[in-house]
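Convention: sequence-line order gives letters A, B, ...; per-chain numbering from 1. Side-chain atoms are counted along with the backbone in the values below, which use heavy atoms only and exclude waters and symmetry mates.
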2 protein chains.
Amino acid sequence: MGNKNVGIKDVALAAGVSVTTVSHVLNEVAYARVRPETKEKVRAAAAQLGYEPNRLAQALRTQRTGMLGLLSEDIATTPHAGRIILGADEAAKARGYNLMILNTSAAASLESRQADVEALLERRVDGILYATMYHRSVDLPPNLGNVPSVLVDSVSTGGNITAVIPDEERGARTAVSALVEAGHTRIGFLNNTDDVPATHLRLQGFRNTLDEAGLDGGAAPVESAPSEVQGGYEAARRILERGRSADVPTALFCYNDRMAMGAYRAAAELGLAIPADLSIVGFDDQQLIAANLYPALTTVALPHYEMGAWAVEQLIDAIEGKTDLALMAAAPTVMDCPLVRRDSVAPPRA
Amino acid sequence: MGNKNVGIKDVALAAGVSVTTVSHVLNEVAYARVRPETKEKVRAAAAQLGYEPNRLAQALRTQRTGMLGLLSEDIATTPHAGRIILGADEAAKARGYNLMILNTSAAASLESRQADVEALLERRVDGILYATMYHRSVDLPPNLGNVPSVLVDSVSTGGNITAVIPDEERGARTAVSALVEAGHTRIGFLNNTDDVPATHLRLQGFRNTLDEAGLDGGAAPVESAPSEVQGGYEAARRILERGRSADVPTALFCYNDRMAMGAYRAAAELGLAIPADLSIVGFDDQQLIAANLYPALTTVALPHYEMGAWAVEQLIDAIEGKTDLALMAAAPTVMDCPLVRRDSVAPPRA
DNA sequence: GTGAAAGCGCTAACAG
DNA sequence: CTGTTAGCGCTTTCAC
């Protein structure tokens, strides 16, 4: 069983037919008329010998490997990568493709990343996914263009390549709306200091939602800090201790779950109970944090799985000639970030 | 550039030599004597045409793909997977191999996992790594044996396959020793309830270390609960509230970082400051938790990266005939778990 | 020193 | 309905 040396030829011999016939029945070639009983003979022989096709030979002949390359920036350092990979892997498997994953680094030189693409190209992958670990703008290796490709979680500085990104602005709206709907009128924002799209778009979403609720987003308190736990702690202390008590927010929207974790600590130190005295909503839905904080954190999920799966679908459609990627390259496709309700939001104290 | 249609034949034509010669110089074949100037011509032509080898054709001919299959159980659900993959990927890259990653699930049927192995086999990977997401005993698909394979982070129920696992017992010793060395004499253990190797081995390490320090490990307080934050919280409350105050531990060794996170909450509720009133050491070194708790958690790291890299090395050595995997299959190779010192350990209050 | 030719395992015209 | 045959792009034995 699983004898790696039996080829189509052996099956042909055993079944008493030609290799053509074997190929026809094993691949269920549509135009080939083969008598049912012959088919049976062939299948039986194949099973009996434990025949398994040699995909390399097939690929060489058909110029199709059925492999997709995934170039992933910093696969290990962020838990998000896993979800992108999972989404991509499942989508690929469902359509009979496999993933060849190469890890690269955001810090790696263009040449090094180009070499990675080259490795993928030498193996004749049918298409390439380039995934970054957070939504940003990347300089793509030029040889990426040699094969259908799509960008996951970022946009190309050069533009002109199909990309899928999270809808940051709308995600922020979702988060802030949850707070507004709970009855909060004094809502603060703990923002990131990095100059990345999310920083600007989430702020925009925050302000817009407040404005639309008649709450004057322009005047709402915003504190920025590095997007880590410590930054969140510091920004939260600042925002919670400023001004007269009547100005202090009763709810905080945090740039990400790590900052929210810092806000939890600040709240604890200030004697503020969550969610009774202070409601908090995060962003990212990092399981390890969001689900494990006490109380569990209500947050907005990044659609990593979905982006990975979507990208693979587009790629395969393009490879199989069902789509033209160029048509989608003009503007990135944007995906919704759903709210994950847990226990950190409640109405403000009366 | 990067024209995917130029082959060795085109290079030969351009350089005015035969394909044999091109192959010889491009592969730096040792026994082939080629005049230096010819070599130059060939290389120049190759570069000029942007030739890149077709690995598929090479593989078909040489029966070597230079690809390693990695079957990973639940890649996405645990952050550990990333480190195994990273270790494997870097080790593979360093030796000119690439990884083909397939995601599977611990819950998947044997048949489904066998089909995944089959997919890898059809692509003629040179070897296979089978990685689980926590140290346990797995039922391996039988076709795994068709190609050199090594198990990462688990042992086979069938035995007889090279495997690498963390040294749980010694890891626990390391953790407990840190507490003993800080001067603690009343040390408790928050253990997991699952029947997995780590549960038993860490307990063993805990008791042994205490015994060797003259502290009577058999009598030391142990509370078990599911290995999540909530379980850690509950077990910690139980252990911290029982008996007279003179019996209450001044230090806690936790089965993992999540349980330690729960212990932090219990301590806070009981008005115990960490590490002044209570020292804590965890296990796993889950970055997101350990580094972000306040104070940052001292813990024992699982050698995921190292195991991934080690496994790849062995696999490649076996593939290249430098090792015989069978020699190592008798017993799993065990890897050390180093202590990561952060801020949750201090001497007990005087 | 260099080249001709066989063949890795498979698919797909093209014949019959 | 089924078989013959020519490659896919490369490596490698064997001749020259």
Q: Which parts of residues 54-64 of chain A get close to DNA chain D, meaning a heavy atom less than 4.0 angstrom away?
A: A:L60, A:R61, A:Q63
Q: Send over the distance from B:E40 CD to C:dT2 P, rounded to a whole Å.
A: 13 Å
Q: Ignoring hydrogens and geometry, is there a side-chain-to-backbone donor-acceptor pair from B:N143 to B:Q114 under 3.5 Å?
A: yes
Q: Once you apply a heavy-atom cut-off of 4.0 Å, does A:V29 come out as touching a base, just sugar-phosphate, or nothing?
A: nothing
Q: Nearest whole Å is fine: how far is C:dG9 P from A:H24 NE2?
A: 21 Å
Q: Can you measure A:L13 atom CG to D:dG3 atom C1' for me and round it to whole angstrom units?
A: 14 Å
Q: Let's see if you can work this out: which of D:dG3, D:dT2, D:dT12 has an atom nearest to the side-chain heavy atoms of B:T20?
A: D:dT12
Q: Is it true that a side-chain atom of A:S154 and a backbone atom of A:V138 form a donor plus acceptor pair closer than 3.5 Å?
A: no
Q: Starting the side chain at C-beta, find the nucleotide from D:dC1, C:dA5, D:dG3 nearest to A:T21.
A: D:dG3
Q: Could you tell me the separation between the CD1 atom of A:I8 and the P atom of C:dC8, rounded to a whole number of Å?
A: 14 Å
Q: Is NZ or CZ of A:R136 both nearer than 6.0 Å to the six-membered ring centre of A:Y134 and within 45° of the ring axis?
A: yes
Q: Taking atom C1' of C:dT2 as reference, at what distance in whole Å does atom NZ of B:K41 sit?
A: 11 Å
Q: Considering heavy-atom distances to DNA chain C, does A:P53 or B:V34 have its closest nucleotide positioned more toward the 5' end?
A: B:V34
Q: Might you point out which heavy atoms bring A:N98 and B:A119 nearest each other, and give the distance in Å?
A: OD1-CB, 4.3 Å
Q: Where do B:T157 and B:D139 land on the side-chain hydrogen bond (donor to acceptor under 3.5 Å, both in side chains) test, with the steps shown first?
A: CA-CA 6 Å; B:T157 38; B:D139 249 336; 2.8 Å; yes
Q: Between D:dT11 and B:S23, is there an OP1 or OP2 to side-chain N/O distance shorter than 4.0 Å?
A: yes
Q: Round to the nearest Å and state the distance from B:Y51 atom OH to D:dT11 atom C1'.
A: 11 Å
Q: side-chain contact (heavy atoms from CB on, under 4.5 Å) with A:R61: which residues, sequence neighbours excluded?
A: none
Q: Between A:H304 and A:H80, what is the ring plane arrangement, given parallel below 30°, perpendicular above 60°, and tilted in between?
A: parallel
Q: When the distance from CD of A:E52 to C1' of C:dG9 is rounded to whole Å, what number comes out?
A: 13 Å
Q: Among D:dT13, C:dT11, C:dG1, find the nucleotide with the atom closest to the side chain of B:Y31.
A: D:dT13
Q: Base, sugar-phosphate or nothing for A:R35? Non-hydrogen atoms, less than 4.0 Å.
A: sugar-phosphate
Q: Hey, which sits more toward the 5' end of DNA chain D by its nearest nucleotide, B:N27 or A:G16?
A: A:G16
Q: Please give, in whole Å, the distance from D:dC8 P to A:R124 CZ?
A: 14 Å
